Chemist: 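Just passing along the structure, written as structure tokens.
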Amino acid sequence: MESEKTQTQIRVLPESPVLDQTTWLELDQNALRHNLAQILSLTFPNAQIMAVVKANAYGHGLLEVAQCLRNKVSYFGVASIEEALVLRNAGIGTPILLFGVPMGGAIEKAIRAEVSLAVSSVEQAREISDEAQRLKKPAVIHIKVDTGMGRLGIPKSSAVPAIAKIASLEMLQLEGLFTHFPQAEEIADPFTGGQIRIFNQILEESAEKEIQFPYCHAANSTGVVNHPEAHFNLVRPGLSLYGIYPHSSLKPKLPLKPVLSWRARVILVKKLARGESAGYGRTFTADSETVIGIVPVGYSHGYPFSLSNKGTVLFRGKSYPVVGRVSMDYIAVNFGPYFSAVRAGDVVTLLGRDGESEISAETLAEKAGTIPYEIVTQLSPSIPRIIR
Ligand SMILES: *Cc1c(COP(=O)(O)O)cnc(C)c1O
């Protein structure tokens with residue numbers, strides 16, 4: 001019902017920036033705050049929150065999300081130095097951890113902007129230490145250990161001696177030790193349990209060498225829900241913050257609200273006669289006269305090509321099929337043979353709620369044969385984001 005209201009508002013307010021737009025994303029700040037509160041209710045009082053805002057805040061809009069969360073979380077997690085600098089240039093002073101491996105000038109940029117760096121090897125730590133000495137400014141680092149992800153991080157077998165070496169380097173402030181889970185979907189999953197044991201052991205052996213870490217962290221969204229023993233004193237939720245479930249098993253334990261709605265206008269309404277086709281490859285042919293609405297959204301905006309002849313959009317609370325191939329900038333929606341209500345300029349929903357109906361990122365992903373992470377991170381940064 002709420003989105004009905006929003007739609008009317010969008011139509012009647014002449015000053016609305018949305019009027020000029022043919023497609024836009026609406027961000028529900030209250031939903032974002034709700035999701036954060038839900039995550040906090042699972043982790044409080046032991047752990048603080050590092051909000052993961054990599055990949056343009058999972059496609060939601062990096063600055064829009066960070067502005068909303070800046071005073072409510074302890075840390076931001078990003079994947080590239082560019083993302084970190086977008087935050088710093090916007091005056092956001094919240095601590096930021098760069099997950100990736102900084103190459104070339106990125107180390108200097110990070111130290112200057114007071115962005116903490118993840119470290120996966122002694123060599124990387126040396127490079128950072130050298131740069132910090134050159135700049136006469138300490139670098140804040142979080143050492144990552146590979147306890148089973150098999151991606152970034154110091155291999156578990158050599159972690160303790162490597163940590164000791166890193167601790168002996170100049171101008172490095174060892175602020176954190178962390179690891180990452182490849183399959184935390186299952187409660188009491190023995191593999192994740194093993195990772196947590198190894199991580200704890202590395203922490204203990206480091207402590208014996210008098211190396212302490214102010215922050216210890218391991219849990220992504222699934223870890224937050226399924227592995228409280230992995231909360232330590234900081235957790236790193238990503239997808240769940242945006243109200244999307246990485247795995248359906250999390251639903252009963254964590255009530256979330258989707259933050260994002262994706263809307264677009266029908267820009268042209270036309271009739272197809274029986275036997276006429278719509279779109280490239282002529283993969284849809286009308287078997288009787290039908291009303292088609294052209295919506296200016298395609299795979300260049302992040303609407304998956306795999307939803308050709310499979311997707312649906314919502315109009316006034318009802319679902320209508322996407323027919324023909326998804327093209328670069330357009331999809332065709334089949335409103336059926338007798339439909340006369342739809343007009344050019346009308347708003348349809350590609351993702352999100354419209355009245356009683358909803359298209360979630362999870363269902364769209366399932367239809368498209370992908371994961372919700374990919375659906376949202378593919379949303380083009382050029383689509384305007386509007387905060388509600
Ligand atoms: C992406 C990422 C996360 C967040 O994962 P979600 O599954 O989205 O909660 C946490 N930690 C690291 C290191 C990541 O790269």
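Sequential numbering from 1 along the given sequence is applied to the chain's residues. None of the values given here were measured: they were computed from a predicted structure. In each ligand, atom 1 is the first atom listed, and ligand 1 is the first ligand listed.
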Chemist: Counting heavy atoms only, which part of R236 comes closer than 4.0 Å to ligand 1: side chain, backbone, both or neither?
Modeler: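 Under 4.0 Å from ligand 1, R236 contributes backbone and side-chain atoms.
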
Chemist: Number the atoms of ligand 1 from 1 as they appear, then name those within less than 4.0 Å of a heavy atom of Y58, with their elements.
Modeler: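 Matching atoms, with element in brackets: 1 (C), 4 (C), 5 (O), 6 (P), 8 (O).
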
Chemist: Return yes if a side-chain donor-acceptor contact under 3.5 Å exists between R263 and T349, otherwise no.
Modeler: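 Yes, because at least one side-chain N or O of R263 sits under 3.5 Å from a partner of the opposite role on T349.
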
Chemist: Count the heavy atoms of every other residue, nucleotide or ligand shown that sit under 6.0 Å from CD of E229, and state whether that count exceeds 12.
Modeler: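 Enclosed: over 12 neighbouring heavy atoms sit under 6.0 Å from CD of E229.
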
Chemist: Should the proximity of S221 to ligand 1, defined as any heavy atom under 4.0 Å, be assigned to the side chain, the backbone, both, or neither?
Modeler: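 Under 4.0 Å from ligand 1, S221 contributes backbone and side-chain atoms.
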
Chemist: Purely on distance, is any nitrogen or oxygen of G238 under 3.5 Å from one on ligand 1?
Modeler: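 So ligand 1 has an N or O lying under 3.5 Å from an N or O of G238.
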
Chemist: Verify whether the ring centers belonging to H217 and H231 lie closer than 6.0 Å.
Modeler: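 Not under 6.0 Å, so no.
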
Chemist: Distance alone, cut at 3.5 Å: any donor-acceptor contact between the side chains of R197 and Q201?
Modeler: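 R197 vs Q201: no donor-acceptor pair found between side chains.
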
Chemist: Any chance the side chains of S319 and S357 put a donor and an acceptor closer than 3.5 Å?
Modeler: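 Distance-only check fails for S319 and S357.
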
Chemist: Evaluate S240 for polar contact with ligand 1, using N/O atom pairs at a separation under 3.5 Å.
Modeler: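 Looking only at distances, the answer is no, because the N/O contact criterion of under 3.5 Å is not met.
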
Chemist: Distance under 4.0 Å to a non-hydrogen atom of L239: what atoms of ligand 1 satisfy this?
Modeler: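 Ligand 1 atoms under the 4.0 Å threshold to L239: 6 (P), 8 (O), 9 (O).
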
Chemist: Give me the nearest non-hydrogen protein atom to atom 7 (O) of ligand 1 as residue plus atom name, then the distance to 0.1 Å.
Modeler: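 Result: Y373 OH, 2.6 Å.
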
Chemist: Would you please indicate yes or no on a ring centroid separation below 6.0 angstrom for F232 and F199?
Modeler: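 Yes; F232 has its ring centre under 6.0 Å from that of F199.
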
Chemist: What residue and atom, counting heavy atoms only, is the protein's closest point to atom 12 (C) of ligand 1, and at what distance?
Modeler: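 So the nearest neighbour among protein heavy atoms is H180 CE1, 3.4 Å.
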
Chemist: From the options L241, N220, L152, select the one whose nearest heavy atom is closest to atom 5 (O) of ligand 1.
Modeler: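 Going through L241, N220, L152 one by one, N220 has the nearest heavy atom to atom 5 (O) of ligand 1.
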
Chemist: Any chance you could lay out the ring-ring contact (aromatic ring centres under 6.0 Å, His included) test for F181 and F191, step after step, and finish with the verdict?
Modeler: CA-CA 9 Å; F181 300 139; F191 188 82; 9.1 Å; no

Chemist: Which atoms of ligand 1 sit under 4.0 Å from any heavy atom of K54?
Modeler: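 Matching atoms, with element in brackets: 1 (C), 2 (C), 3 (C), 14 (C), 15 (O).
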
